[in-house]
Amino acid sequence: MPCDGAFLRIASLMSSERKQYPFWLIEPKWQKFWDEQQAFRAWNPGESIPASHPFAQRHGHSPAQERPKFYILDMFPYPSGAGLHVGHPEGYTATDILSRYRRALGFNVLHPMGWDAFGLPAEQYAIKTGQHPRTTTEQNIATFKRQIKSLGFSYDWSREIDTTDPKYFKWSQWIFLQLYNSWFNPATGKAEPIEKLPYPPELTTENENRAYRDTKRLAYVSDAPVNWCPELGTVLANEEVIDGKSEVGGYPVIRRPMRQWMLRITAFAERLLEDLETIEWSHSLKEMQRNWIGRSEGAQVDFPVADRNPNYKITVFTTRPDTLFGATYMVLSPEHNLVDEITTPQQVQSVRAYQDEVSRKSDLERTELAKEKTGVFTGGYAINPVTRQKIPIWIADYVLISYGTGAIMAVPGHDTRDLEFAQKFNLPIVQVVQPAGGEDWRGYVDDGISVNSANPEISLNGLPTPEAKKKITAWLESKGVGEKTINYKLRDWLFSRQRYWGEPFPIVWKKDQRGELCHEALPESALPVLPPSLDDYKPTPTGEPPLARAKHWVQLPDGSIRETNTMPQWAGSCWYYLRYLDPHNDQAFCSPEAEHYWMGNRRVTHHASRITPGVDLYVGGTEHAVLHLLYARFWHKVLFDLGHVSTPEPFFKLVNQGLILGEDSQKMSKSRGNVVNPDDILAQYGADAFRLYEMFMGPLEMVKPWSTKGVEGVYRFLGRVWRLFVDEASEVELEQQLTTSASPDPNLLASVRLHSSIQDVAPAASQLKTLHACIKKVTEDLEGLRFNTAISAMMIFVNDAISWSVRPRSVMKQFLQLLGPFAPHLAEELFAKLAATFNEQPESLSYASWPKFDPALLVEDTLEIPVQVNGKLRDRIVVAAAATEEQVQAAACAAEKVRPFLEGKTVKKMIVVPKKLVNIVAA
RNA sequence: GCCGGUGUGGCGAAAUGGCAGACGCACAGGACUUAAAAUCCUGGGGCUUUAAAAAGCCGUGUCGGUUCGAGUCCGACCACCGGCACCA
């Protein structure tokens, strides 16, 4: 495919359509210039800055760490074979504009880019074609990088990272070891080194200690049922399964017990929830995280099993302990481990049959498709601890083993699901809550007043639900049969995958004295653990990872064997923002100095004390709301507890860019044929127009449809800017030269002369007003991330300035500074031309200090003020800006079109909003 | 079902409680041109009255409220988009 930039530019040059301005000469010229100059290199503490670098020229020789920092981050892309789509540059343009703006304000800006390159698509492609994933990954990265570079983003490419680079994933593995070698201390609420773990006194042998230790690690091995996707040949995390299908590819997922690595994210549930208060994320995103964590407050209650050894008890979790008197039966999940104990001989057959039937159902069949409740009676009974009645124990698949305790007390009177079940199976339904509004109590699930809820020791009758909950919980606690509990929906993170293209675990398995397999961490010196080379990357049907095929790699000389699972794609993206801080450090994932400077805080923080900003601004799509963003927060907190980072949260402010839809307002997809290829747009209109259009479409966070006509609009605007600055005759000459010259030579741009109206004269008051209104609007809008209205402010400036017969150089120069962050190539070109024409010291626009607006210049002498009568606009009056309220009132009443509306009426009141409006209330 | 977001011209959109529709697209008219493209200028919410200038009325999803004044604040509802969902 001839998708080379130069080729496309020549092709577009030859097309009949006349171009607005020679962007195809300007854009590569400045991209090359920035590259050669390393213009956007961010400086770490202690680094010496070459005197020739524009940062040094602007800020002198003072060390970088004395400048305020600004860390502005994009979600790094997965370099797919399809190349960049128009959604990527939306966020990237926004952050680029802000990076350039912050540099102009004098900040030391860290704005890096990298590649999240481990993952399934590369591996599947490898299986299909037989190429090593490394090869395709490198090709894809090269394409992405070329496309991203052609947009002129001001990334510090010296910090580029690639998660598949052993120099990078060495530290992903290192962080895994930190998790492995830590435990969560509930007393301190923090991750602590595993060496500090206290052992219960009853453990005596080292084997017992080891087994205990292994159950406490933040990275642990579990045999619980997991989401297995046969089609992908791997297990998946809960977060990667949507409606019972794999997020990638949409293949069926079944539950199956497998020995897997888990990360103890649940220990951090409360902190992950609480700390959302300390960061500036969108309301909806925080809500999604809260939802996923799914905290609910309630009580655990023990129900003794009747007619059995009293040690048998069923523990349930309920958010409605106040309805305990209404619990008329119990339901266990079919997988619950007490089912076998409880089931009576008569019921064994039907229970087994049901368990068997359920186990064959996918999650989708168990939930979405199941309209009718199913279940069977176990034959066993439990004792309701408050009514002392025997209540039947059922099993049913509407009770999930993975939530709460895997068992419920059923209160059919006040729970929709229990009611449905009870009606189907003729189980007793009693009322224990009286609705406040007199509705039917059956199936009433909201708060009300407790009724029928008393035994000789306790009565809830007459109490509103919240008080009834408190009272019964306290009573249960006093009896030792229950306690207040907080339950989370969040499950521990399934962290291993049966894949080739991922980080190997730094873990080996050995046999202990008794011949049992146990795991052991490799020492740090063994890192990075490189994956073996394989001929066959295909998953195995048994679920054994493909790495197991590399026999020599798996077997170590001392007889131990390597862990053959690999880490999920999220591992690399969990901490990449930290590696950017110090990407070439081979002694640590990042130096403490770099971490303190870039993640630390020089500004004053607001409310709670623990807050430090971390990444100042993070921009990316919502699709990572509960995956990457939750996992990264979790890892960051562990690193924080262990003293490796200085902030509890990684990303202080986070903005989601909205999805860009196709021209037909539908999601872009190949099948719909509405996909816009950035390369095409770039070839036709140039990078500056592309960037500007993506920002002009509407607010960053909104979902919005693409319009190629809209690109033409901003492209015309850039053409107007060009013509505002350059001499038309000299441009015609350039065009003629271009038609004769074989290859486009950027040096030809030198022949373009500045427009003769641009002169070194003092600006008129009206010109200054136009300029300063623009400075004010653009500055304020950049602070508020309102790129679309900032651009319209610049359009207003140009629409005005184009009619000026004299264009004062100082005004035009400041306008270019405003334009710079948005359309950097064009602005640099004109900025340089301006300097050259007036023999000014050439200055890099990238580091020129941001213009300041002067409010005094915006003050008007006279004002046009609308006059309303009874809230309806009737006329406008012109008054002196200094006019008193009385004068304004008099002028308003005297206005020609106002008088007819006052005739025969008395003026009751007059509202005068200074400099804004007059409203006359008359009756 | 629960949670969140969004509803403004033909379209993308803009408006610290104070002139609704800035800016742009599309469209229409004009200038330039042999012509077209490009460019430049002008005009566009709806309805009614008028030959016209002009004037009046209506208008920000629907209904109601607060206010001198509501796209904006409050209450109820409707539609669309996104997330979660047999979560006890």
Side-chain angles (χ1 to χ4, degrees), chain A residues 16-20 242-243 282-292 294-296 298 316-320 323 331 366-368 370-371 373 396-400 402-411 415-418 420-421 445 487-490 622-623 625-626 656 658-659 661 665 667 693 696-699 701-714 716-717 719-720 723 728 777 786 788-796 798-799 802-803 864-876 897 900 908-913 915-922:
Chain A
S16 58
E17 193 184 329
R18 193 181 160 202
K19 295 292 177 185
Q20 289 277 347
I242 292 162
D243 295 337
S282 73
H283 185 74
S284 67
L285 197 74
K286 286 186 182 184
E287 217 36 51
M288 279 190 226
Q289 291 222 340
R290 285 194 193 106
N291 240 316
W292 192 262
R295 181 186 197 273
S296 53
V316 301
F317 173 75
T318 176
T319 55
R320 293 297 300 270
T323 62
V331 185
R366 280 183 66 159
T367 57
E368 212 118 315
K371 303 247 189 296
K373 293 265 179 296
D397 67 356
Y398 83 92
V399 174
L400 309 174
S402 56
Y403 185 78
T405 61
I408 61 157
M409 62 176 209
V411 183
D415 182 282
T416 318
R417 298 149 303 181
D418 297 344
E420 218 180 289
F421 192 81
V445 297
N487 195 48
Y488 300 92
K489 200 186 85 174
L490 183 70
T622 349
E623 65 273 19
V626 290
N656 292 118
L659 198 66
L661 304 174
S665 292
K667 228 177 191 159
Y693 173 64
F696 189 62
M697 290 169 86
E701 289 162 273
M702 293 282 114
V703 177
K704 44 211 175 273
W706 179 269
S707 155
T708 299
K709 285 286 183 195
V711 185
E712 280 172 27
V714 290
R716 274 202 284 270
F717 162 70
R720 279 160 77 87
R723 293 189 293 277
E728 216 179 316
K777 182 77 179 141
R786 293 179 297 266
N788 54 334
T789 48
I791 293 166
S792 82
M794 290 188 283
M795 288 173 169
I796 291 167
V798 170
N799 289 347
I802 208 131
S803 65
E864 196 192 55
I865 292 180
V867 180
Q868 297 179 339
V869 178
N870 292 332
K872 279 188 182 166
L873 179 72
R874 295 304 176 189
D875 204 355
R876 295 184 175 86
K897 290 173 197 160
K908 290 185 136 179
K909 201 171 169 183
M910 246 198 230
I911 285 104
V912 179
V913 184
K915 299 182 197 297
K916 283 275 185 187
L917 168 140
V918 179
N919 189 13
I920 303 168
V921 185

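Per chain, numbering begins at 1; letters A, B, ... match sequence-line order.
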Participant: According to a strict under-4.0 Å criterion, is N799(A) in side-chain N/O contact with OP1 or OP2 of rG24(B)?
Facilitator: yes
Participant: Would you mind reading off the distance between L873(A) atom CG and rA55(B) atom C1', rounded to a whole angstrom?
Facilitator: 13 Å
Participant: Under the rule for side chain to side chain contact (heavy atoms under 4.5 Å, CB included), what residues qualify as partners of L659(A), not counting sequence neighbours?
Facilitator: L661(A), K667(A), V703(A)
Participant: Write down the distance separating the C1' atoms in rG29(B) and rA22(B), rounded off to the nearest Å.
Facilitator: 23 Å
Participant: Considering only the C1' atoms, how many Å lie between rU16(B) and rC25(B), rounded to the nearest integer?
Facilitator: 29 Å
Participant: Of the listed nucleotides (rU39(B), rC68(B), rC86(B)), which one gets closest to any side-chain atom of R723(A)?
Facilitator: rU39(B)
Participant: Dot-bracket for RNA chain B, 5' to 3', with Watson-Crick and G-U pairs under 3.5 Å, [ ] for crossing pairs and | for other-strand pairs: what is it?
Facilitator: (((((((..(((.....[....))).(((((.......))))).(((((....)))))..(((((..]....))))))))))))....
Participant: Short question: side chain of D415(A), backbone of V445(A) - any donor-acceptor pair under 3.5 Å?
Facilitator: no
Participant: Nearest whole angstrom, please: distance from the C1' of rU6(B) to the NE2 of H283(A).
Facilitator: 14 Å
Participant: Which nucleotide wins on minimum distance to the side chain of K373(A), given the candidates rA38(B), rC40(B), rC86(B)?
Facilitator: rC86(B)
Participant: Taking syn as within 90° of 0 and anti otherwise, name the glycosidic form of rG9(B).
Facilitator: syn
Participant: Sticking with atom C1', work out how far rA54(B) lies from rG61(B), rounded to a whole angstrom.
Facilitator: 34 Å
Participant: For A407(A), enumerate each residue passing the side chain to side chain contact (heavy atoms under 4.5 Å, CB included) test, keeping only those at least two apart in sequence or located in another chain.
Facilitator: I314(A), V316(A), L332(A), H336(A), T405(A)
Participant: What nucleotide among rA26(B), rA88(B), rG56(B) has an atom nearest to a side-chain atom of S296(A)?
Facilitator: rA88(B)
Participant: Would you compute the distance between atom NZ of K373(A) and atom CZ of F421(A) and round it to the nearest 0.5 angstrom?
Facilitator: 9.0 Å
Participant: Kindly say if K872(A) contacts the phosphate of rC58(B), meaning a side-chain N or O under 4.0 Å from OP1 or OP2.
Facilitator: yes
Participant: I need the CZ-C1' distance between R720(A) and rC23(B), as an integer number of Å.
Facilitator: 12 Å
Participant: Using the C1' atom as the reference point in each nucleotide, state the distance between rA79(B) and rU60(B) in Å, no decimals.
Facilitator: 16 Å
Participant: Starting at CG of D415(A) and ending at C1' of rA85(B), how long is that distance when rounded to a whole Å?
Facilitator: 14 Å
Participant: Given rA85(B), rA88(B), rC23(B), identify the nucleotide with an atom nearest to the side chain of F317(A).
Facilitator: rA88(B)
Participant: Is there a side-chain polar atom (N or O) of R874(A) under 4.0 Å from OP1 or OP2 of rC57(B)?
Facilitator: yes
Participant: Between rG24(B), rC19(B), rA26(B), spot the one nearest the side chain of K709(A), thanks.
Facilitator: rA26(B)
Participant: Please check if atom CD in E623(A) has more than 12 non-hydrogen atoms from other residues, nucleotides or ligands closer than 6.0 Å.
Facilitator: yes
Participant: Return the polar atom pairs (N/O with N/O) between nucleotides 9-18 of chain B and the protein under 3.5 Å, or none.
Facilitator:
| residue | atom | partner | partner atom | Å |
| --- | --- | --- | --- | --- |
| rG12(B) | O2' | M697(A) | O | 2.5 |
| rA14(B) | OP1 | N788(A) | ND2 | 2.9 |

Participant: Could you give the distance separating rU33(B) and rG21(B) at their P atoms, to the nearest angstrom?
Facilitator: 37 Å
Participant: What integer distance in Å separates E420(A):CD from rA85(B):P?
Facilitator: 19 Å
Participant: Please measure how far the P atom in rC58(B) lies from the corresponding atom in rC63(B), and state the result in whole Å.
Facilitator: 14 Å
Participant: So which nucleotide from rA88(B), rC19(B), rA38(B) ends up closest to the side chain of T319(A)?
Facilitator: rA88(B)
Participant: When the P atoms of rC23(B) and rG45(B) are compared, how many Å lie between them, rounded to an integer?
Facilitator: 13 Å
Participant: With a cut-off of less than 4.0 Å, is there a side-chain N or O of R716(A) near OP1 or OP2 of rA38(B)?
Facilitator: no
Participant: What is the distance, to the nearest angstrom, from the CH2 atom on W292(A) to the C1' atom on rG83(B)?
Facilitator: 10 Å
Participant: For F317(A), what residues pass the ring pair (Phe, Tyr, Trp, His ring centres under 6.0 Å) criterion, not counting sequence neighbours?
Facilitator: none
Participant: Expressed in whole Å, how much space separates the C1' atoms belonging to rU50(B) and rC57(B)?
Facilitator: 15 Å
Participant: Would you indicate what N870(A) reaches in the nucleic acid, counting non-hydrogen atoms under 4.0 angstrom: base, sugar-phosphate, or nothing?
Facilitator: nothing
Participant: Grab the N/O contacts between the protein and nucleotides 28-33 of chain B below 3.5 Å, and write none if there aren't any.
Facilitator:
none

Participant: What nucleotide, of rG24(B), rC19(B), rC40(B), holds the atom closest to the side chain of R876(A)?
Facilitator: rC19(B)
Participant: Counting side-chain heavy atoms from CB outward, which of rA88(B), rC23(B), rA26(B) is closest to I796(A)?
Facilitator: rC23(B)
Participant: To the nearest Å, how far apart are M910(A) CE and rC68(B) P?
Facilitator: 16 Å
